[in-house]
Amino acid sequence: MILRTEAVTAFAVIAAGGSAETAYAAAGIARMEMMGAGSDVALACNVLDGDDGPLGTVAATPYPPDWSALASIADEPVALDQWHEAERCLPYWSAIDPPEPPHPWDSAP
């Protein structure tokens, strides 16, 4: 699931009318959240927690988003460096393990 998360998320954002830059950021956020969920499952299954977490270092996905095709659907040019820079400025990446994560399942009604 982790290996396909980025491509599925990026496509979903584009299919919903989002920009390629937003799709790029959402794909990175989704991968990090899936890594967290995968770690939780591994720990629940009594996998030992090592220096790199219970999953270890997960290699780059063999199923990356096709940014050229996705940008074409969004009628935008491919601008990976620009998207990466914009992604790193998002509040999601500004603090590791914020005290009150902005996850929807932690939200008060």
Side-chain angles (χ1 to χ4, degrees):
M1 287 174 42
I2 293 169
L3 296 178
R4 294 176 186 245
T5 295
E6 291 173 87
V8 170
T9 301
F11 175 73
V13 170
I14 296 294
S19 70
E21 182 178 287
T22 300
Y24 183 89
I29 290 169
R31 180 178 170 95
M32 289 301 298
E33 292 298 328
M34 286 301 296
M35 289 290 295
S39 292
D40 291 347
V41 170
L43 291 171
C45 293
N46 297 316
V47 172
L48 295 177
D49 193 4
D51 290 340
D52 292 328
L55 300 180
T57 301
V58 177
T61 177
Y63 308 103
D66 183 343
W67 292 114
S68 294
L70 293 169
S72 178
I73 292 169
D75 198 25
E76 298 177 30
V78 177
L80 291 176
D81 291 339
Q82 177 183 328
W83 301 342
H84 182 71
E85 186 63 32
E87 174 194 38
R88 293 293 162 214
C89 295
L90 294 175
Y92 180 87
W93 300 106
S94 65
I96 302 299
D97 295 327
E100 294 182 29
H103 302 138
W105 54 88
D106 287 338
S107 299

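For Ala86, the side-chain contact (heavy atoms from CB on, under 4.5 Å) partners at least two apart in sequence or on another chain are Glu21. Looking at residues two or more places apart in sequence or on another chain, you find a side-chain contact (heavy atoms from CB on, under 4.5 Å) between Ala7 and Pro65. Partners of Asp51 under the side-chain hydrogen bond (donor to acceptor under 3.5 Å, both in side chains) rule, at least two apart in sequence or in another chain, do not exist in this structure. Scored by the side-chain contact (heavy atoms from CB on, under 4.5 Å) test, Leu3 finds Val58, Thr61, Pro62, Tyr63 as partners (sequence neighbours excluded). With sequence neighbours left out, the side-chain contact (heavy atoms from CB on, under 4.5 Å) criterion links Asp66 to Ser68, Ala69. Taking the side-chain hydrogen bond (donor to acceptor under 3.5 Å, both in side chains) definition, one finds that Thr5 meets it with nothing, sequence neighbours left out.
Identified under the salt bridge (Lys or Arg N to Asp or Glu O under 4.0 Å) test for residues 70-80, with sequence neighbours left out: none. Listed by first and then second residue, the salt bridge (Lys or Arg N to Asp or Glu O under 4.0 Å) pairs involving residues 2-12 are Glu6-Arg31 (not counting sequence neighbours). Residue pairs satisfying the ring pair (Phe, Tyr, Trp, His ring centres under 6.0 Å) criterion with at least one member in residues 35-55, sequence neighbours excluded, are absent. Note on residues 28-49: no pairs pass ring pair (Phe, Tyr, Trp, His ring centres under 6.0 Å), not counting sequence neighbours.
Through chains of ILVMFWY side-chain contacts below 4.5 Å, Ile73 is grouped with Phe11, Ile14, Tyr24, Trp67, Leu70, Val78, Leu80, Trp83. Other members of a hydrophobic cluster containing Val41 are absent, since no ILVMFWY side chain comes under 4.5 Å of it, directly or through relayed contacts.
In plain terms, the two heavy atoms of Leu55 and Ala42 that are nearest each other are CD2-CB, 4.1 Å.
Using a 4.5 Å cut-off between side-chain heavy atoms of Ile, Leu, Val, Met, Phe, Trp and Tyr, with links allowed through other members, Met35 and Met1 fall into the same hydrophobic cluster. With hydrophobic clusters built from ILVMFWY side chains whose heavy atoms lie under 4.5 angstrom apart, Leu90 shares a cluster with Met32.
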